[in-house]
> 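Let me give you the structure first, and then I'll get to my questions.
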Amino acid sequence: MSSAEGVIYKARRENFPVASRLLPRGYRRHLMAIYGFARFIDDVGDEAPPADCPRLLDIVENDLGRLYAGRTPKVPAVGALERTVTAFGIPVEPFRQLVRAGRRDQAVTRYESFEELLAYCELSANPVGHIVLHVFGAADARRYALSDQVCSALQVIEHCQDVGEDYARGRVYLPGADLRRFGCTDDDFVRTTTSDGLRRVVALQTTRATGLLDAGTSLVAMLRGPARVAVAGYIAGGRATINALQAADHDVLGQAVRPRRSRLMTTWLRVLATGR
């Protein structure tokens, strides 16, 4: 599988439509380049030997400097951004924030509070929303704030789905204070089915993510055309995944919890039509 095919495969496994065919081809190309870069940063942290991660992230960050200095990048995931960055005048900072999120994953493996987790989302998720708004010519402070709510919600939802995988990689994103509150220990993360306490912790994060998503959904009403279609799809993916988590009674260890495509499409149409 080529690197491009790998990115497409991973995009299809996301909760939300990364670059839907409902969008014009040009937008799809740019969105896939953005996704490919963000995915590459994640893969460095998830797949590279831990001792190599800082050096690899240094290479990526230096290559961003090369791109913005008008030189040819060496890392394919950075090089794929060239047309997008040039076409829309996207600043370098949100890309650098994603690299910083990768560095944080190497240094911080647990979060004590939900507020600390949201601070991580400010680096790992929210910058992607800012970049996407640039692509659609809709980047401003009001839209950034709403986008942050949506992106943080999507990140928290993903952490709820990936509890077992994250633990196997040495990371726990569920807040430590909530785990203690519901009597959870590390033993709960290695079971074949999710304990009652851990289900309650996941349910609490799901509820919080729902609140964030609700708070950010008014962004749809501020957008038109392809931007509205794309953002409605992201929100619909979050809502459909929350529904899947609830339907599974938050058992995220005994099964892979993923949204049904039919549910996503129905929700997408509703968000598009009503902005809710």
Side-chain angles (χ1 to χ4, degrees), residues 1-48 56-103 105 121-139 143-144 147-148 150-151 154-155 158 219 223 225-235 237-238:
M1 182 183 296
S2 69
S3 59
E5 289 171 336
V7 170
I8 292 171
Y9 173 77
K10 290 173 181 177
R12 287 174 177 166
R13 291 177 55 81
E14 293 290 346
N15 294 325
F16 52 85
V18 172
S20 169
R21 291 186 179 275
L22 296 177
L23 299 173
R25 181 178 298 178
Y27 282 121
R28 296 203 308 268
R29 233 180 3 245
H30 292 303
L31 293 174
M32 285 303 296
I34 295 162
Y35 175 79
F37 177 81
R39 186 75 261 175
F40 180 75
I41 298 298
D42 285 345
D43 288 347
V44 168
D46 292 343
E47 299 175 12
L56 293 172
L57 291 171
D58 284 345
I59 291 171
V60 174
E61 190 150 27
N62 290 338
D63 223 29
L64 282 172
R66 188 176 289 108
L67 171 64
Y68 277 83
R71 298 189 302 239
T72 302
K74 298 178 181 179
V75 179
V78 179
L81 293 172
E82 187 170 8
R83 281 190 299 180
T84 303
V85 166
T86 302
F88 304 106
I90 303 173
V92 69
E93 183 56 24
F95 294 109
R96 285 183 171 154
Q97 287 177 313
L98 294 175
V99 176
R100 286 203 288 275
R103 295 189 192 282
D105 273 334
C121 292
E122 289 179 9
L123 294 178
S124 65
N126 299 0
V128 176
H130 294 196
I131 297 167
V132 168
L133 287 174
H134 273 282
V135 168
F136 289 116
R143 293 187 181 102
Y144 278 166
S147 172
D148 288 349
V150 173
C151 291
L154 295 177
Q155 181 76 83
E158 184 176 342
L219 176 60
L223 301 171
R228 184 182 177 98
V229 172
V231 172
Y234 305 152
I235 291 169

> When you check the gap from the basic side-chain N to the acidic O, do R100 and E93 get nearer than 4.0 Å?
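So R100 pairs with E93 through a salt bridge.
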
> Is it the case that the side chain of Y27 and the backbone of V135 share a donor-acceptor pair, with hydrogens and angles ignored and the cut-off at 3.5 Å?
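It does not hold such a pair.
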
> Could you pull out the closest heavy-atom pair between A125 and C151, with the gap in Å?
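Between these two residues, the closest heavy atoms are CB-O, 3.6 Å.
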
> Quick check: closest heavy atoms across G26 and H30, and the distance to 0.1 Å?
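Taking G26 first and H30 second, the nearest heavy atoms are O-CD2, 3.0 Å.
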
> Within the structure provided, determine whether V75 and F40 are in side-chain contact (heavy-atom separation under 4.5 Å).
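Yes, at least one pair of side-chain atoms sits under 4.5 Å.
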
> With distance as the sole test, does S147 use its side chain to make a donor-acceptor pair with the main-chain N or O of R143 at under 3.5 Å?
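Side chain of S147 to backbone of R143, a donor-acceptor pair under 3.5 Å: no, none is there.
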
> My understanding is that only one of F95, F136, Y144 makes a ring-ring contact (aromatic ring centres under 6.0 Å, His included) with H130; could you say which?
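Checked F95, F136, Y144 against H130; only one passes ring-ring contact (aromatic ring centres under 6.0 Å, His included): Y144.
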
> Within this structure, what is the CG-CG distance for the pair L98 and L64, rounded to the nearest 0.5 Å?
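With rounding to 0.5 Å, CG (L98) is 9.0 Å from CG (L64).
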
> Spell out, as yes or no, whether a donor-acceptor pair under 3.5 Å connects the side chain of R28 to the backbone of L23.
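Here the side-chain-to-backbone pair exists.
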
> Could you please spell out the steps behind the side-chain contact (heavy atoms from CB on, under 4.5 Å) verdict for R103 and E61?
CA-CA 11 Å; R103 295 189 192 282; E61 190 150 27; 2.9 Å; yes

> Pair L154, I235 - check side-chain contact (heavy atoms from CB on, under 4.5 Å), show working.
CA-CA 8 Å; L154 295 177; I235 291 169; over 6 Å; no

> Roughly how far, to the nearest 0.5 Å, is the OG1 atom of T72 from the CZ atom of R66?
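If we round to the nearest 0.5 Å, R66:CZ and T72:OG1 are 9.0 Å apart.
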
> Using every non-hydrogen atom in the two residues, find where P91 and P94 come nearest and quote the distance to one decimal.
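Result for this residue pair: O-CD, 3.4 Å.
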
> Would you say CZ of R71 has more than 12 non-hydrogen atoms from neighbouring residues, nucleotides or ligands within 6.0 angstrom?
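Yes.
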
> Under 4.5 Å between any side-chain heavy atoms of Q97 and E122, yes or no?
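No. Closest side-chain heavy atoms not under 4.5 Å.
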
> Report yes if some heavy atom in the side chain of V60 is under 4.5 Å from a heavy atom in the side chain of F37; otherwise report no.
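Yes - at least one pair of side-chain heavy atoms lies under 4.5 Å apart.
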
> For the residue pair D46 and R39, establish whether any side-chain heavy-atom pair is separated by less than 4.5 Å.
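Yes, their side chains come closer than 4.5 Å.
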
> Is there a side-chain contact between V132 and Y234 in this structure, where contact means two heavy atoms from C-beta onward sitting under 4.5 Å apart?
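Side chain of V132 against side chain of Y234, heavy atoms only: contact under 4.5 Å found.
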
> Are the side chains of P226 and P24 in contact, using a 4.5 Å heavy-atom criterion?
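Result yes, sub-4.5 Å side-chain heavy-atom pair found.
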
> Within the side chain of D63, is there an N or O that forms a donor-acceptor pair under 3.5 Å with the backbone of K74?
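Side chain of D63 to backbone of K74: a pair is present.
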
> Give, for atom OG of S124 and atom CG of D42, the distance between the pair rounded to the nearest 0.5 Å.
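With rounding to 0.5 Å, OG (S124) is 8.0 Å from CG (D42).
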
> Nearest 0.5 angstrom please: L67 CG to N62 CG, how far?
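That separation rounds to 12.5 Å.
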
> Please name the pair of heavy atoms, one in C121 and one in P127, separated by the smallest distance, quoted to 0.1 Å.
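Heavy atoms of C121 and P127 come nearest at O-CD, 4.2 Å.
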
> Would you give the length of the straight line joining atom OG1 of T84 to atom CD1 of I131, rounded to the nearest 0.5 angstrom?
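The distance works out to 10.0 Å.
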
> To check you understand the geometry: which heavy-atom pair defines the closest contact between A38 and V128, and what is its length?
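Of all heavy-atom pairs spanning A38 and V128, the closest is CB-CG2, 4.4 Å.
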
> If you take the centroid of each ring, where Trp contributes its six-membered ring, are F88 and H134 closer together than 6.0 Å?
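Between F88 and H134, which both carry aromatic rings, the centre distance is not below 6.0 Å.
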
